[in-house]
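Note that the structure is a prediction, hence the values are computed from the model and not measured. Below, chain A is the first sequence line, B the second, and so on; all start at residue 1.
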Amino acid sequence: MSYPFYEIENKWRKYWEDNKVYKTDLSDDERKLYCLVMFIYPSGAKLHCGHWYNYGPTDSWARYKKLKGFNVFEPMGYDAFGLPAENYAIKTGVHPYDSTMTNIADIRNQLKNMGCMYDWSTEMMTCVPEYYKWNQWLFLQLYKKGLAYRKNAPVNWCPKDQTVLANEQVSSDGTCERCGTVVIKKNMTQWFFKITEYAEELLSGLETINWPEETKVKQTNWIGKSIGAEVTFKLENSNKEIKVFTTRPDTLFGVTYVVLAPENEIVLDITTPEYRDGVVKYMDSVKSLSEIDRTSTVKEKTGVPTGAFAVNPVNGEKVPVWIADYVLATYGTGSVMAVPGHDERDFLFAKKFNLPIRKVILKPGTQESDELTEAFTEVGTMVNSAKYNGTNSADALEKIIKDLEVEGKGTHKINYKLRDWLISRQRYWGTPIPIIHCPKCGEVLVEESQLPVELPYDVEFSLKGESPLAKNEKFINVKCPNCGTDAKRDPDTMDTFVDSSWYYFRYLNPKISDAPFDKALTDKWVPVDMYVGGREHATMHLLYARFIHKFFRDLGLTKSDEPFKTLIHQGTITNQGAKMSKSKGNVVNPDTFIQDVGTDVFRLFLMFMGPYEMGGDWSDKGISGTERFVLRNYELFKKYENILKNTSNKEKFNIDELSEAEKSVYKKINQTIKKFDEEINQFKFNTAIASLMELNNELSKNFEVCSDELKAYTLKRLVVLLGPVAPHLAEECNKIIGNDKTLFENPVWYAQDDAALIENSVKVAVQVNGKLRDTIDCPINSTQEEVKALVFANERVTKHTEGKTIVKEIYVKNKIYNIVVK
RNA sequence: GCCGGAGUGGCGGAAUUGGUAGACGCGCUGGACUCAAAAUCCAGUCUGGCUCACACCAGGUGCCGGUUCGAGUCCGGCCUUCGGUACCA
């Protein structure tokens, strides 16, 4: 016999669709469960195995919850703006709108064939004015609260193409991916969202959500809170000053120079004429370096002096001012005080350029006269630090900050590595920024009533020069809404992470036209209960979404503090060790497998592959295992066609009245229910399925001789367990055994009979010196004395203890008995 | 570089979170069924030693060291590899 998956799967998919089984009744939030997968980027590579791996198992979890009685909402949509569609347009001339729509149509088709419980009535895409209008609205709200602003920021610039490049378009050697020209950093005025305003809350909020620890740690490190002081160094012979941020004000007496980031705005102002050439040359050389290169701790340090001198506020000492690339303009104040004696990078820099190294904190157990061979960065006793000498450096740290504050030379300060969110892109395929630049009035907001600022279709795509919107006369030229003067629209579009930072609100009613989302519904359904997506989003998308959620809360649009209560990361499916991507040409298309073995088998295979959060390298080896699993189950149910109709219903059995074989089956089905429930609830699909396979093995041994009542009992339960992981098969088997009610329209879950799980004996492992010598069957909960009697009657054990002194005996109830001998 | 993961048989992986390492599946080997093959079913399968065999013994979770009666699991130091690193999403 073979398994007619094609007919079965099509039949049930059609049935579910025709009967609107997937449609969620959003008015019923009594047992609501919002289960969301990160929406899909509609690339030309279509749906690949990685997507299937993300969506299939998550849908199985959602189906499990549905069977358990939850009202589950599973939406699907398209993250449709973005760079690749625009690059494709430049390359082929196909308009991003057209290619995106084509891709969406294909992907929608593939998604529908997966047989997931998506509520297609709420399908959504971000590249239409109905959606992106609300990105613009969001922009205006942020602007009005002072959380959207413009400032200069460096971008990757290709001098040949005269265009901005994404990091992805810069090759690893720092050249333009298209033309090979060395890419430089160029400052441009850019829009930012002030995520830093929420830094503290983004940090503390992590404690309130059920997210993977690794992700919380990543976000914590990304936000990078550090506590210290901002200290002012006055410049000699100048009214200018340099503010530095330091986490170690206790080392202030050890400052022997000050370093500015090469991009720091005051660099050229303070550089003395004789150093000017060197400084300009150095600034230029830094332009082509990435931040990763610059901050590398293994890279040889570089830098040049400016000729200027700063005055150390604590001791009045004159120290030289340098510039060096290891100082970043984007962190802190863009300048650091250098303490080579107590900072590793400063130590290396000072050694290289022969700058003085001074010891101001004494390492415990060393002498003041000992030479420093490396930076000492821990706590010790203060030396060479005037009135602080002899005190503990941790105490001195606090004291020095207080003293600086009193003298007006510095302040207590908390710094974050987190930077404001740069949202403007010099590109076409995104949300236009709703700002008009007027020569008289400056930045003017587009009125809310005038939204959306529509993205014009008719634009020219070219590799070189300004972005398509900047070149589009009809779009860019506009009258100032304030004064009527000729003005220009902002030519930039928004980062697509803006789209994805609030989409989960809109899913509940994507057609609403007078608000970004339907507050009556979102008040009931948001936050999302389960959010599933890749860990590559740990620090960007997942942080931006939390930020915007908190902003909406502050506008009074939601009551919750966090968008995603529980988060799970699916692992990455790689192919030959590399992430699947169209550009690498290693994308595995699932469609051929679906044609060969059906979606249930494919879904089972993906889930059975390994731990969901781990992923793995793609291989279809072993798919026959899940094929056999499906076939075995199908044949089993076929064998007992209509058994529910012909057998009286029994919900519980007295285990003492069963035969040995029946007892074994009854125990196993109940153990399986428990195990499967626990495992699938935690997204442990591989072990959940393994438990079903164990049940199969048991049934192939002992099922035949069971009573019809027990057979009916078992099959009725097995079909429900199959429901989440092989939904089409389960629906079919449910019908075969004679149930008139469909599974997913009439969700049901059977709890295990706990009486069947009670064991009265247990195998205790017996070890001698930690080595297993035998296992002994003992009555459950035996005392040490009871077990000891059995242990020392056991030849395999005594063989290893004879003639030796027993030093110790350890007994762990129902588990292990270890004898230590000498 | 920095931040966060991962490393267990021929392969994918399991292990109640410090307590019998290798569940479940693939593959392979042998057997049953068949004229034969496929499919299916049954049995075996970490490595080495010694045995006709059962048994028994030793070793074994990337590497080195430590804690413990006991370590895949905890601690210290490495190696390899993957993801992110703020304009791919």
So, does A:Arg294 get its side chain near the phosphate of B:U85, meaning an N or O under 4.0 Å from OP1 or OP2? no
Please evaluate the base of B:C69 for a donor-acceptor partner in the side chain of A:Glu809 within a cut-off of under 3.5 Å? no
So if I take every side-chain heavy atom of A:Glu694 and compare against B:C42, B:A23, B:U85, which nucleotide ends up nearest? B:A23
Distance, C1' atom - from B:A21 to B:U47, rounded to whole angstrom: 14 Å
As a test of reading the structure: which of B:C42, B:C87, B:C24 is closest to the side chain of A:Gln190, going by heavy atoms? B:C87
Give the stems involving RNA chain B, where a stem is 3 or more consecutive Watson-Crick or G-U wobble pairs (i with j, i+1 with j-1, and so on) under 3.5 Å. B:1-7 with B:79-85, B:10-12 with B:24-26, B:27-32 with B:40-45, B:46-49 with B:56-59, B:62-66 with B:74-78
Determine, for A:Trp211 and A:Arg535, whether the Lys NZ or Arg CZ falls below 6.0 Å from the six-membered ring centre while staying within 45 degrees of the axis. no
Between A:Ser43 (side chain only) and A:Ala45 (backbone N and O only), is there a donor and an acceptor less than 3.5 Å apart? yes
B:A23 and B:A15: how far apart are their P atoms, nearest whole angstrom? 12 Å
For nucleotides B:U8 and B:A14, find the distance between their C1' atoms and express it as a whole number of Å. 10 Å
Any idea which of B:A21, B:C87, B:G25 is nearest the A:Leu772 side chain? B:A21
If you only use heavy atoms from C-beta on, which nucleotide in B:U85, B:A86, B:C24 is closest to the side chain of A:Met693? B:C24
Do the side chain of A:Arg427 and the base of B:C87 come within less than 3.5 angstrom through a donor-acceptor pair of N or O atoms? yes
Rounding to the closest angstrom, what is the interatomic distance between B:U29 and B:C46 at atom C1'? 16 Å
Looking at A:Glu300 and A:Arg294, does any basic side-chain N land under 4.0 Å from a carboxylate oxygen? no
So does A:Arg632 get a side-chain nitrogen or oxygen closer than 4.0 Å to the phosphate oxygens (OP1/OP2) of B:C41? yes
What's the gap between B:G59 and B:C74 when it is taken at their C1' atoms, as a whole Å value? 24 Å
Please pick, from B:G4, B:U20, B:U85, the nucleotide with the shortest atom-to-atom distance to any side-chain atom of A:Thr775. B:U20
Determine whether the side chains of A:Tyr149 and A:Asp420 contain a donor N or O and an acceptor N or O closer than 3.5 Å. yes
Do A:Lys674 and A:Glu678 sit within salt-bridge range, that is, some charged N less than 4.0 Å from a carboxylate O? yes
Inter-nucleotide C1' distance (B:U17, B:C2), Å rounded: 30 Å
Inter-nucleotide C1' distance (B:C26, B:G44), Å rounded: 16 Å
For the aromatic rings, using the six-membered ring if either is Trp, is the centroid distance between A:Tyr612 and A:Tyr53 under 6.0 Å? yes
Do any N or O atoms of the protein come closer than 3.5 Å to N or O atoms of nucleotides 12-19 of chain B, and which pairs are they?
{"unit_1": "B:G12", "atom_1": "O2'", "unit_2": "A:Met609", "atom_2": "O", "d": "2.4"}
{"unit_1": "B:A14", "atom_1": "OP1", "unit_2": "A:Asn686", "atom_2": "ND2", "d": "2.9"}

Is A:Lys151 positioned over the aromatic face of A:Phe192, cation under 6.0 angstrom from the ring centre and no more than 45 degrees off axis? yes
Would you tell me if any nitrogen or oxygen in the side chain of A:Lys808 comes within less than 4.0 Å of OP1 or OP2 on B:C69? yes
Would you say the side chains of A:Ser467 and A:Gln426 form a donor-acceptor pair under 3.5 Å? no
From C-beta outward on A:His800, which listed nucleotide comes closest to its side chain: B:G59, B:U20, B:C57? B:C57
Indicate whether OP1 or OP2 belonging to B:U40 is found under 4.0 Å from a side-chain N or O atom of A:Arg628. yes
To the nearest angstrom, the CG-P distance between A:Asn769 and B:C69 comes to 12 Å
Using the C1' atom in both, what is the distance from B:G7 to B:C11, to the nearest Å? 15 Å
Earlier contact from the 5' end, RNA chain B, for A:Thr295 and A:Lys701: A:Thr295
Residue met sooner reading RNA chain B from 5', once A:Ala765 and A:Glu613 are mapped to nucleotides: A:Glu613
Please examine the side chains of A:His569 and A:Pro212, heavy atoms only from C-beta on, and report whether any two atoms are closer than 4.5 Å. yes
Is the shortest side-chain N to carboxylate O distance from A:Lys667 to A:Glu759 below 4.0 Å? yes
Does a side-chain N-to-carboxylate-O contact under 4.0 Å join A:Lys639 and A:Glu704? yes
